[in-house]
Amino acid sequence: MHDWRIPAILCGLVLATGLAWMTQGMGVIHNDPERNIYIPSRLTMPLQVKVSYNREQIFFRYRWPADQAYVYHDMLRFTDGEWIRHGASRAGPDPDNTYEDRVSMLVDDGGVPEFARYGGYITIGANARFFTDSATPADVASHPHLGNTLGQSDIRKHLPGTRQDIGDWRTVVDADALQAQREAGYFLDLWHWRAGRSNAVGMSDDQWVGEHRHGDAGRGPYTTNWDSDAKQPLWMFDPERSGIHALRWEDVQANRVDFDGIYYLAEAFAIPFDATRDWQDGDVIPRRLLREGAGSRGDIRVHGDARWRDGYWDVTLVRSRDTGMPLDDKMFREQGLYHLGFAVHRNATGSRWHYVSHPFSLGLGRSADIQAVAFEGSEPDWSQAWFEATLFYPGQVNWPLLISQAHAGSADIAEGKPVRPRHSEKQLAYYGVEMEFNEAIIRQWWLTLAAGLLLLAGALAGLWFSFSPTRQGDCP
């Protein structure tokens with residue numbers, strides 16, 4: 001063999017080995033806040049559920065683990081003469097502990113058939129807010145319905161049938177069709193308990209999902225405490241009724257909470273903001289004013305005390321089985337069969353950084369995944385066993401993707417095969433993470449394949465030259 005061949009082959013093998021090592025060792029999956037990517041350290045979590053009902057009301061009890069209770073939400077901190085906001089939605093946990101824990105539940109009575117098979121996935125359309133490719137606020141605000149009529153600037157949950165083209169959020173069907181869909185029951189009821197914005201006043205927010213996520217008719221349990229012109233709060237604590245004029249930033253940042261004390265601002269002890277007061281750096285006023293909900297939006301109440309104790313939240317919500325508002329709520333009737341989807345926000349995270357569930361059936365006097373227990377009187381005894389659910393991180397998986405050719409299971413969806421028998425929660429969590437880095441993973445795969453082929457080619461070349469017949473003249 002000529003002397004140049006050996007070093008050339010060795011050099012090629014070294015380069016190929018280096019490329020293989022680099023492509024295998026490069027971190028593809030990592031947090032990237034600029035692309036709205038944050039991967040939780042735990043991809044799944046448990047949730048326990050019990051349901052009981054009497055002649056008039058239905059009770060849902062939820063229990064889930066949480067390292068801490070996060071109840072501060074959206075705070076205004078006085079700093080160098082200005083009121084600075086802390087707690088707007090961001091990728092991952094809020095570093096100042098100013099984002100609340102939440103539990104939410106989507107309810108369907110058969111009006112949205114896809115929900116029983118695919119759960120909350122069907123509510124996630126293209127370019128949803130906080131996705132890497134989310135629609136710009138300016139585009140949404142200029143939309144004739146979402147922007148001009150609803151006053152929205154982002155894309156939130158919506159149902160597939162509310163779009164002419166499910167892959168294009170702009171193609172909202174006309175107002176007559178939307179109204180007809182709602183009257184036909186094509187909407188999801190949304191129970192939305194918030195540790196900061198509703199729990200302290202014994203309420204849960206009551207919403208529904210159609211072409212957007214709406215609040216029910218009436219008044220919600222909170223409103224925004226901000227004067228955008230004066231750039232200051234509208235309301236402050238009444239010292240005579242609350243004993244304080246402000247919270248302190250060091251307590252908020254350390255997440256010190258006394259559930260029996262005052263950690264929120266409510267109408268019962270609020271007065272108009274006094275800009276002439278001698279405000280000090282570190283004074284904090286909540287940017288949300290809590291109040292009694294009213295009308296259909298105030299239908300859902302906290303039963304007892306929703307509290308975090310010994311590493312667990314234990315929350316019970318109650319609502320009339322029939323609210324008399326069929327365009328806002330799903331009614332719970334004897335012998336009824338319903339489908340539920342759960343979600344939990346914990347660890348000071350908001351928006352899409354939550355855990356979600358498969359869809360589960362609920363039966364009132366009928367066999368189902370979750371069996372509601374009938375009782376007489378006003379208080380459930382909760383003697384039944386918990387229904388154990390596993391929730392998972394969903395990543396950036398949307399409905400247009402799932403029904404497209406890019407998803408290997410799209411043919412199964414087209415045939416109406418449900419997701420739960422086919423994919424575990426852990427599988428769905430991994431798939432959610434993979435889709436957040438789909439392009440990078442594919443690129444990495446090609447680089448690794450190229451490196452492997454180079455190694456193989458180098459090895460074959462070395463073997464070929466090592467064992468090839470010696471040509472005449474090569475011997476000494």
Side-chain angles (χ1 to χ4, degrees), residues 23-24 26-32 35-40 42-45 106 108 112-128 130-135 155 157-169 171 188 339 341-343 352-361 369 389-453:
T23 56
Q24 283 295 104
M26 287 171 57
V28 170
I29 296 176
H30 60 277
N31 296 331
D32 188 352
R35 297 178 59 231
N36 282 329
I37 292 176
Y38 180 90
I39 308 301
R42 299 174 184 173
L43 295 180
T44 63
M45 64 162 283
L106 288 167
D108 182 48
V112 186
E114 307 100 327
F115 183 76
R117 298 190 293 273
Y118 311 110
Y121 279 126
I122 71 166
T123 70
I124 309 303
N127 308 117
F130 294 108
F131 275 40
T132 298
D133 63 350
S134 59
I155 304 302
K157 288 181 173 63
H158 58 269
L159 298 181
T162 66
R163 299 301 193 268
Q164 299 172 44
D165 177 357
I166 190 56
D168 186 350
W169 61 266
T171 61
L188 296 173
H339 285 89
F342 306 104
R352 71 174 186 82
W353 289 279
H354 59 353
Y355 298 86
V356 303
S357 78
H358 277 304
F360 298 105
S361 59
D369 297 321
T390 298
L391 277 56
F392 59 93
Y393 171 67
Q396 296 190 52
V397 177
N398 61 37
W399 188 241
L401 167 67
L402 291 177
I403 62 175
S404 73
Q405 292 184 350
H407 176 221
S410 60
D412 292 330
I413 293 176
E415 294 177 8
K417 296 179 180 178
V419 62
R420 197 166 126 214
R422 307 179 72 81
H423 294 292
S424 70
E425 292 84 359
K426 184 175 288 187
Q427 287 175 328
L428 292 175
Y430 286 149
Y431 180 63
V433 173
E434 288 171 3
M435 291 313 300
E436 297 210 63
F437 298 92
N438 187 50
E439 292 183 4
I441 289 173
I442 291 174
R443 182 171 61 250
Q444 193 87 332
W445 185 87
W446 280 112
L447 286 172
T448 303
L449 177 63
L453 291 174

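Counting from 1, the numbers follow the sequence of the chain as shown.
Taking 4.5 Å as the limit, some side-chain heavy atom of Phe437 sits within range of a side-chain heavy atom of Ile39. Between Leu391 and Val356 the shortest side-chain heavy-atom distance does not fall below 4.5 Å. Side-chain contact between Phe392 and Ser424 is absent, with no heavy atoms from C-beta onward closer than 4.5 Å.
Between Phe115 and Leu106, the shortest heavy-atom distance links the atoms CZ-CB, 3.7 Å. Across all non-hydrogen atoms, the minimal contact from Ile155 to Ala126 is CG2-O, 4.0 Å. Heavy atoms only, all atoms of each residue included: Asn127 and Asp133 are closest at ND2-O, 2.8 Å. Scanning both residues, Ala406 and Leu401, for their nearest heavy atoms gives CB-CD1, 4.0 Å.
In terms of modelled atom types and a separation under 3.5 Å, the side chain of His407 and the main chain of Leu402 share a donor-acceptor contact. Side-chain atoms of Gln396 come within 3.5 Å of backbone atoms of Thr132 as a donor-acceptor pair (strictly under, hydrogens ignored). A donor-acceptor contact shorter than 3.5 Å is absent between the side chain of Arg163 and the backbone of Thr171. In terms of modelled atom types and a separation under 3.5 Å, the side chain of Tyr121 and the main chain of Pro394 share no donor-acceptor contact. Between the side chain of Asn398 and the backbone N or O of Ala128, no donor-acceptor pair lies under 3.5 Å.
Under the 6.0 Å cut-off for aromatic ring centres, His358 and Phe342 do not qualify, their centroids lying 6.0 Å or more apart.
Within a 6.0 Å radius of OH in Tyr430, other residues, nucleotides and ligands contribute 12 heavy atoms or fewer.
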Apply the test side-chain hydrogen bond (donor to acceptor under 3.5 Å, both in side chains) to residues Ser361 and Asp369: give CA-CA distance (whole Å), side-chain angles for both, the deciding distance (0.1 Å), then the verdict.
CA-CA 5 Å; Ser361 59; Asp369 297 321; 3.1 Å; yes
Could you walk me through whether Leu428 and Val397 pass the side-chain contact (heavy atoms from CB on, under 4.5 Å) check?
CA-CA 10 Å; Leu428 292 175; Val397 177; over 6 Å; no
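The pair Asp412-Arg117 does not meet the salt-bridge criterion, since no charged nitrogen lies less than 4.0 angstrom from a carboxylate oxygen. Remark: Glu436 engages Arg352 in a salt bridge, criterion side-chain N to carboxylate O under 4.0 Å.
Taking the six-membered ring where the residue is Trp, Trp353 and Phe130 present perpendicular rings, their angle passing 60° and hence far from 30°.
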